[in-house]
Amino acid sequence: IAGITQAPTSQILAAGRRMTLRCTQDMRHNAMYWYRQDLGLGLRLIHYSNTAGTTGKGEVPDGYSVSRANTDDFPLTLASAVPSQTSVYFCASSDSIDGPGDGYTFGSGTRLTVV
Amino acid sequence: GQNIDQPTEMTATEGAIVQINCTYQTSGFNGLFWYQQHAGEAPTFLSYNVLDGLEEKGRFSSFLSRSKGYSYLLLKELQMKDSASYLCAVSSNDYKLSFGAGTTVTVRA
């Protein structure tokens, strides 16, 4: 593993089903983030974690939950998927929580379609 | 909330120069980033400005005016591989990055 790994790459999901998107980083970054990217709206922050054991809500947290049991992993769960959650989801990490640092490193994304 | 505006699309010819403008209104300011994103791929870091002025990195330069809430990304000697979306992002009071919707640049031969 080098950088951030997201899984799955893509998924078609029936509405109402539960789904967990996985994100793992090997850079020992403290901060991790989940964004969704929709055409015309850009990247919007869903949830974040400044360090293992803590999480916070971003701009569009409804319908999503996260956990941060350790430094490396930051899964995103959709408890009961709805079609409006169709999007491309990016996980990102940063080595700094109190300054921009070197910016964010992004995973390759998960394309989720809810039908 | 955050308000970050950039043009939706721009087209330019190979070898030319293109300037992508970004204006922002945010809760505090701790730096402005530009990212490049090719279709179907992850965003990758291009530049970072925290003080007023121009930062140059090879063919790419980025400018910031904090008093005007304005930045631009300048792409020189355009190549076909520069066809991509360019994302303006601002780090605000809580150090989280807020992104503009992105500018899709198409380079034509």
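Here is the naming used below: chain letters follow the sequence lines, and residue numbers restart at 1 for every chain. As the structure is a computational prediction, the values presented were derived from the model and not from experiment.
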message = Counting only non-hydrogen atoms closer than 4.5 Å, does A:Gln37 touch chain B with its backbone (N, CA, C, O), its side chain (CB onward), both, or neither?
response = side chain
query = Can you get from A:Tyr48 to B:Phe33 by hopping between Ile, Leu, Val, Met, Phe, Trp and Tyr side chains that sit under 4.5 Å apart?
reply = yes
ask   = Take atom CZ in B:Arg59; do more than 12 heavy atoms of anything else shown fall under 6.0 Å from it?
value = yes
Candidate pair B:Phe45 and A:Thr105, rule side-chain contact (heavy atoms from CB on, under 4.5 Å), full reasoning = CA-CA 8 Å; B:Phe45 170 79; A:Thr105 299; over 6 Å; no
ask   = Do A:Phe74 and A:Leu78 belong to the same hydrophobic cluster, where Ile, Leu, Val, Met, Phe, Trp and Tyr are linked whenever their side-chain heavy atoms lie under 4.5 Å apart, directly or via other members?
value = yes
ask   = Would A:Tyr104 and B:Tyr35 satisfy ring-ring contact (aromatic ring centres under 6.0 Å, His included), going step by step from the backbone distance to the final call?
value = CA-CA 10 Å; A:Tyr104 291 6; B:Tyr35 283 81; 7.3 Å; no
message = Which heavy atom of A:Leu43 sits nearest to which heavy atom of B:Pro43, and what is that distance?
response = CD1-CG, 4.1 Å
query = Can the positive tip of B:Lys96 be found less than 6.0 Å from the middle of the six-membered ring of A:Tyr33, inside 45° of the ring normal?
reply = no
task = Please round to the nearest 0.5 Å and tell me the distance separating atom CZ of B:Phe99 and atom CZ of A:Arg44.
result = 13.5 Å
query = How about B:Glu77: does its CD atom have over 12 heavy atoms from other parts shown lying under 6.0 Å from it?
reply = no
key: Closest heavy-atom pair and its distance - B:Ala42, A:Ser108   = CB-CA, 4.1 Å
query = Is B:Gln37 close to A:Phe90 at the side-chain level, that is, under 4.5 Å between some pair of heavy atoms?
reply = yes
key: A:Arg17, CZ: over 12 other non-hydrogen atoms inside 6.0 angstrom   = no
key: B:Met10 with B:Tyr72, same ILVMFWY side-chain cluster at under 4.5 Å   = no
